[in-house]
Structure formats: C-alpha cells, structure tokens
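The figures here come from the full heavy-atom set of this structure, side chains too, leaving out hydrogens, waters and symmetry mates.
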Amino acid sequence: MPDPEETLDEREAVARLNEALALQYRSALQYSIVAATLRGIEAQALGPQLTEFGDEELSDARRLIEKIVSFGGEPTPEVAELRFHPAPTAAIAWLIECEQAAVDALQAAIEPSGREGRSEALEHLLEHLILRKQHQVDFLNRAIS
C-alpha cells in the first residue's frame, strides 16, 4: 500500500483548487475592468496587454475547473472581491495584489498533490500558471515604476 504522503489527497486538492479558482475568476474579471476603464495614454499603452492577460486568466480558470472535476469535485461559483479604481496606478496596484494572492493560492494547492503521475501533472500545471502570473506581475510592476 502506498504511503499516504505519496498519494494525491483529492479532497484537499479540490478544496485548495477551489480557493485558487475564486481568485482566478477575479483575475479574469479584474483585468477586464481595468483594461476597459483606462483612459488616455494608459489605455493606448496598457489596454490591449491587460485584455490579453484577462483572456489568459479565463483559459486558466477553465483548466482549474477541469482539474477539479477530474478529481470528483465541484467547481466553486464564488468570485473573490472585485474593485474599481479610477486612478490607473491604483488600479494596477490592485491587480498586482490580486495576482500575488492568486499565486499564493496556486502554490498552496501543490502541497496535497503527492507523487503519483496525476499528482505530478497537477503540480506542473500549477507551476505553469504561477510562472505565467508572475510574468504578468513583473509587467505590471514595470508599468507603475
């Protein structure tokens, strides 16, 4: 019988993935809010990139939902808190805060993954999402520096 630490804890994985999913939904929507409400030079310079980031966030939400369902879970319909900031710097700072929280939640979802083949696949998926999000955070930090 395999060591329990080596096997995927589906229940805990689903719980943690759902925590990340609520933040993932927020990321997709928050990027859309900021991209659509920027004005002036910020809209011209950042709007298309933020729209692209939002589209990628929605694709990643679907990946998380598929993984939750594959483990026998139900995806949360809950969305983490959204905000509107009329000032571009404040809006981007909020995006950074949102993405950092999402990265932390994705990282936490790796722990119950174990060492099985499907566990490794989950871990690699989460690492890929973290890598992409961190790239976005780096872009956003450069935008307000």
Salt bridge between Glu10 and Arg118, side-chain N to carboxylate O under 4.0 Å?
yes
Please examine the side chains of Leu29 and Leu58, heavy atoms only from C-beta on, and report whether any two atoms are closer than 4.5 Å.
no
Any donor-acceptor pair under 3.5 Å linking the side chain of Asn18 with the backbone of Glu74?
yes
Hydrophobic side-chain clustering at under 4.5 Å (ILVMFWY, transitive links): who's grouped with Leu46? Put none if nobody.
Tyr31, Val34, Leu38, Leu50, Phe53, Ile92, Leu95, Ile96, Val137, Phe139, Leu140, Ile144
Going by atom types alone, do Gln136 and Glu57 pair a side-chain donor with an acceptor below 3.5 Å?
yes
Can you tell me if Ser59 and Arg62 form a side-chain donor-acceptor pair at under 3.5 Å?
yes
Side chain to side chain contact (heavy atoms under 4.5 Å, CB included) partners of His85, counting only residues at least two apart:
Arg83, Ala90, Ala91, Trp94
Is there a donor-acceptor contact under 3.5 Å linking the side chains of Asp138 and Gln134?
yes
Carboxylate-amine/guanidinium contact Arg16 Glu111, below 4.0 Å
yes
With a 4.5 Å heavy-atom cut-off, do Leu23 and Leu106 have their side chains touching?
no
Taking every heavy atom of Ala35 against every heavy atom of Gly47, the minimum-distance pair comes out as CB-O, 3.7 Å
List the atom of Leu8, the atom of Ala13, and the distance in Å for their closest heavy-atom pair.
CD1-CB, 4.1 Å
